[in-house]
Structure formats: C-alpha cells, structure tokens
Colleague: 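Input: one structure, supplied below.
Note that the structure is a prediction, hence the values are computed from the model and not measured. All heavy atoms count here, side chains included; hydrogens, waters and symmetry mates do not.
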Amino acid sequence: MTLSTLRNSTFLTNERGSISIMFGAAIIAMVGVVGLSIDVGRSMDAHSKAASALDSAVLAATRAVFSGDKSVSEIETLATNFFEGNLESVGDIGADYTDFTADVDTETKTVKARTTVHVPTTFGAIFGVNKISYTVASSATFNIQDIELSLVLDLTGSMCQPCSKIDALKDASKELIDALMPENGGASEVKIALAPYSASVNAGPLTEIATAGRSTDGCLVERDGLHAYEDVAPPADYADVTDADIVSGTSLNFIANAPARQFNIDRRGQRNSYSCPNAELVPLSTDKEMLKDAVDGFRTNGWTAGHLGAAWGWYMISDSWGALLPGESSPKPYGSKNLIKAIVLMTDGEFNTAYRNTNSANQAMSLCDAMKDKDVIVYAVSFKSANHPTLRNCASTDANSGDLLYWDADNGSELTAAFKDIAIRLTNLRLDK
C-alpha cells in the first residue's frame, strides 16, 4: 500500500467518524426538541389547570365579600379551599402549585389570587432544564353599573299561613337592599322601588292620576285597551277621557280602579274576594332606611293578582312614567349607558285573581314578555311553591351563563340565599384578566 493510499483510507475513516458524531448529536438534539415540546405541552396544561382553579377561587371569594357575612381571613380560607378543590377535581398532571395567595379588598369588592406553577421536565434535563416555573394570577370584581330595580312582592293572605313566611320575606328583602346599597356607598347609583301586591295594587299618590280620581280606596286593577300589556303612562290631563271611556275601560291609557263588583273569577271559576292592600307602592329611591322601614310595615291580606304586581313593578322603572315620577324617582331612559333595569317577581302561590282580559297567569306572562323585549331583566322567585310555571315562563335567561333566572325557595334561608344570588348577578360579577 502506497503512502497516498494509506492517507486516503485514514481520511475516509476520520470522515465517517465525524459524520457519526454529528449524526448522533443531531439525534440527541431532535430527541431534546421533541422532549421539550412534550414538556411545554404539559406546562400549558398545568397553566390552564391553574387558571381555572384561580378563577373559581376568586369568583367564590368575591361573592363572599359581597355577601358580607365572612371576615377577610375566612374569605382567604374560602379562596384557598376552592383553589385546592378545583385542582383535585381535574386530576394530577405531575405539576406542583405553590405560594397560593389571595388578596381581599372589601372596599372595592375585589379579590386577587396568584400561584406559582412548577412543571418537572421529562427531557429538558438534556439541556439542563429540570423544571419549568411561572406565576399565574386572576382577579374578580363587580362591574360599576347603575341599577333601577323593582321588588314585586307577594303580600297575600297565604304569606301569613304561617306568618313566618312574611317574616322571611321581610328579612330577605332587607338583606337584598343592604347588599345593593352598602353603607359606604359606591361608584354606581342604585335605586330600588317597591311594588307590593295582593288582590290589587295600592298606588298611593299615583292613584289619582292613574284613575282620574275615580278610585274609591286608593287601589287599582288591570287596564284595558291596546296598551294593556305595555308601559304607556296615563295622560297627565284626563280632559279628553270621558266617563264612558272609564266605565267601559276602552281608553288606551286608562288604568282601572277597583271594580264596582267586589269580587272576581279566577281561572278555575272560583269566586275570589277583592281586597286593597295597606302597603303602598314606593317609587324608585336611594333612601335605604326608608325602603327597609316600608318593608317592615308590610301586612298580608287577600288573593293573588300577580299580573298587577308585575305591571306596576315595570311602570316604576319605565321611562314612559318619568313625567309622573319626578326627582330621583324618575326612571332613566331605556338603553342608558351602564344601566340595568330589572324586577324581582316573587310569589308563594298560584296567580289566581283577575278582573278583566284573561286570567292572571296569562296576563303576567304577556307583561313579562313585553318588558323583556325592552331589556328589563326579570328575576323570578317561587317561595314554597316549587316549579312555578308562570314564574318560570316570566324569568329572563342570564345573557352570560345561560341560566334561567328562576329560584325555588322552600324556607327562609333559601329565600335569603336566592335574593343574595340576585344581588350578585345584578352587580355583574366578572373576571379581570
């Protein structure tokens, strides 16, 4: 073998060795890249899991802040329990979650939480990366929105059978008022109206204009005409309304007073007695103590004309009635920026009393459909009358969650819980990312 041949053979051997080393390095790099992609995927799963658990924790904690029945330390513990419970519910993916903290601000009703995520790597050690660590945070607060709310509350005789029912309604209503009108106020304006009802509605100072002075007891029943299921206000001047119009109920703006015959026929053909409740309508107000005092004065009597309560609850937040409800009681226009208009429609039994048109239940559902068409939110609460068909049909659907805004409450605690949930939904709890 010549020297030239030997040199060529050595070169080829060295070249093959270099290629083998390069190929091996490339294989290791490829394995490392594939491994890192797997580790990154696990890291993303861990991030999603942490974010979901944090969202659950801050939403639950912020609801507790709003409810006002827990201390800051109790709310922090609640947030921790929700976080850990949510992590357990989705299973173990091998990540560690440390340094969970919850920051509770009772003034702004905001909760912020964070945690550090550690994901051990499977292949990352090839490049000296033993784990992937990062921080995930979430916070929840309440939207700052103005609220005009009518509480349409059942004061019929059955609410005192037993009287613990009306006591529970008073407690739940006052807690709702307290929740929406905190002592230190807020950046939003909340106005609440009261529309108590039984076999009729006592319109108080509005009775004169609503009936052209023809109501004999201050109470009203349903209206007739094309506006029977609309929120058109009565005319400020009845000069063009004749006695014949009022007697026949054909005036388009007429709201009838108590009927001459002091009874009505319910949908089963039962003859139910007419009565006038003592509790008067309270137009929109920001006076929390006045509203609570009015609730404390509620007394029960009579049958259930739920459609009358629904109608007058709507009128109290309708901008059509602005001219008749001056000052702070005057509702803002529909569609005003950052404004929620809503009613809470509550009863403990069947809508069984009507005087004109069709039965009370059908009239109530027609009124609910009409107000929902104007973006009024209807929250419906059945008390000791489960799966109430009229209320279920009246209730709105939550635009965010798709939940039907209907509650069955079987006792005072459940009624209070339902009203608290309504307060939370009204304030539009949201996540801030």
Side-chain angles (χ1 to χ4, degrees), residues 20-144 398 400-403 421 424-425 427-433:
S20 297
I21 292 171
M22 292 173 62
F23 181 74
I27 290 296
I28 292 172
M30 290 174 62
V31 170
V33 169
V34 172
L36 275 177
S37 67
I38 294 173
D39 290 336
V40 169
R42 292 176 61 239
S43 176
M44 293 174 64
D45 287 344
H47 183 282
S48 176
K49 181 178 179 180
S52 176
L54 285 171
D55 289 349
S56 173
V58 296
L59 286 171
T62 307
R63 289 190 179 97
V65 172
F66 191 84
S67 295
D69 55 0
K70 288 182 172 58
S71 66
V72 170
S73 62
E74 288 175 329
I75 295 171
E76 290 172 347
T77 300
L78 175 71
T80 302
N81 292 339
F82 263 82
F83 175 71
E84 293 176 350
N86 193 277
L87 287 178
E88 292 177 2
S89 69
V90 295
D92 183 15
I93 60 172
D96 294 321
Y97 302 88
T98 63
D99 305 320
F100 173 83
T101 59
D103 180 16
V104 179
D105 189 331
T106 57
E107 291 298 316
T108 61
K109 291 182 171 57
T110 299
V111 176
K112 298 178 181 178
R114 64 178 57 242
T115 189
T116 302
V117 183
H118 307 279
V119 184
T121 60
T122 303
F123 299 95
I126 296 173
F127 299 102
V129 180
N130 295 315
K131 64 180 179 181
I132 301 172
S133 299
Y134 50 85
T135 298
V136 183
S138 180
S139 67
T141 190
F142 289 91
N143 276 336
I144 298 175
D398 189 294
N400 297 316
S401 66
D403 295 338
D421 194 17
I424 290 169
R425 290 174 182 273
T427 51
N428 200 10
L429 181 64
R430 72 170 190 270
L431 287 167
D432 298 321
K433 297 296 186 180

Colleague: Give a yes-or-no answer on whether the side chains of Asp55 and Ser138 include a donor-acceptor pair shorter than 3.5 Å.
Modeller: yes
Colleague: Closest approach of Leu78 and Ala60, non-hydrogen atoms and distance?
Modeller: CD2-O, 3.7 Å
Colleague: Can you tell me how far apart NE2 (His118) and CG (Asp99) are? Round to the nearest 0.5 Å.
Modeller: 6.0 Å
Colleague: Using a distance-only test with no angle check, is there a side-chain donor-acceptor pair under 3.5 angstrom linking Asp96 and Thr98?
Modeller: no
Colleague: Would you compute the distance between atom CG of Asp103 and atom CD of Glu76 and round it to the nearest 0.5 angstrom?
Modeller: 8.0 Å
Colleague: Take Ser139 and Val58 through the test side chain to side chain contact (heavy atoms under 4.5 Å, CB included) and record every step on the way to the result.
Modeller: CA-CA 6 Å; Ser139 67; Val58 296; 5.6 Å; no
Colleague: OG1 of Thr115 to OH of Tyr134: how many Å apart, nearest 0.5 Å?
Modeller: 10.0 Å
Colleague: So do Leu87 and Tyr97 actually touch side chain to side chain, heavy atoms under 4.5 Å?
Modeller: yes
Colleague: Determine yes or no for a side-chain-to-main-chain donor-acceptor pair under 3.5 angstrom, with Thr427 supplying the side chain and Ile424 the backbone.
Modeller: yes
Colleague: Over all heavy atoms of both residues, which pair between Val104 and Ile75 is shortest? Give the atoms and the distance, please.
Modeller: CG2-CG2, 3.8 Å
Colleague: Look at the side chain of Ser48 and the backbone N and O of Met44, then say whether any donor-acceptor pair between them is shorter than 3.5 Å.
Modeller: no
Colleague: Closest heavy-atom contact between Phe82 and Ala57?
Modeller: CB-CA, 3.8 Å
Colleague: Answer yes or no: is there an ion pair linking Arg425 with Asp403, defined by an N-O contact shorter than 4.0 Å?
Modeller: yes
Colleague: As a quick check of understanding, evaluate side chain to side chain contact (heavy atoms under 4.5 Å, CB included) for Phe100 and Leu54, giving each step before the final call.
Modeller: CA-CA 9 Å; Phe100 173 83; Leu54 285 171; 3.6 Å; yes
Colleague: Are Val117 and Thr135 side-chain neighbours, meaning at least one heavy-atom pair lies under 4.5 Å?
Modeller: no
Colleague: Kindly indicate, with the supporting measurements, whether the criterion side chain to side chain contact (heavy atoms under 4.5 Å, CB included) is fulfilled by Val136 and His47.
Modeller: CA-CA 7 Å; Val136 183; His47 183 282; 3.6 Å; yes
Colleague: Mind checking the OG1-CG spacing from Thr110 to Asp105? Nearest 0.5 Å is all I need.
Modeller: 6.0 Å
Colleague: Looking only at heavy atoms, what is the nearest atom pair of Val119 and Ala95, with distance?
Modeller: CG2-CB, 4.1 Å
Colleague: If you measure from CZ on Phe83 to CG on Asn81, what distance do you get to the nearest 0.5 Å?
Modeller: 12.0 Å
Colleague: How long is the gap from CD on Glu88 to CG on Asn86, to the nearest 0.5 Å?
Modeller: 10.0 Å
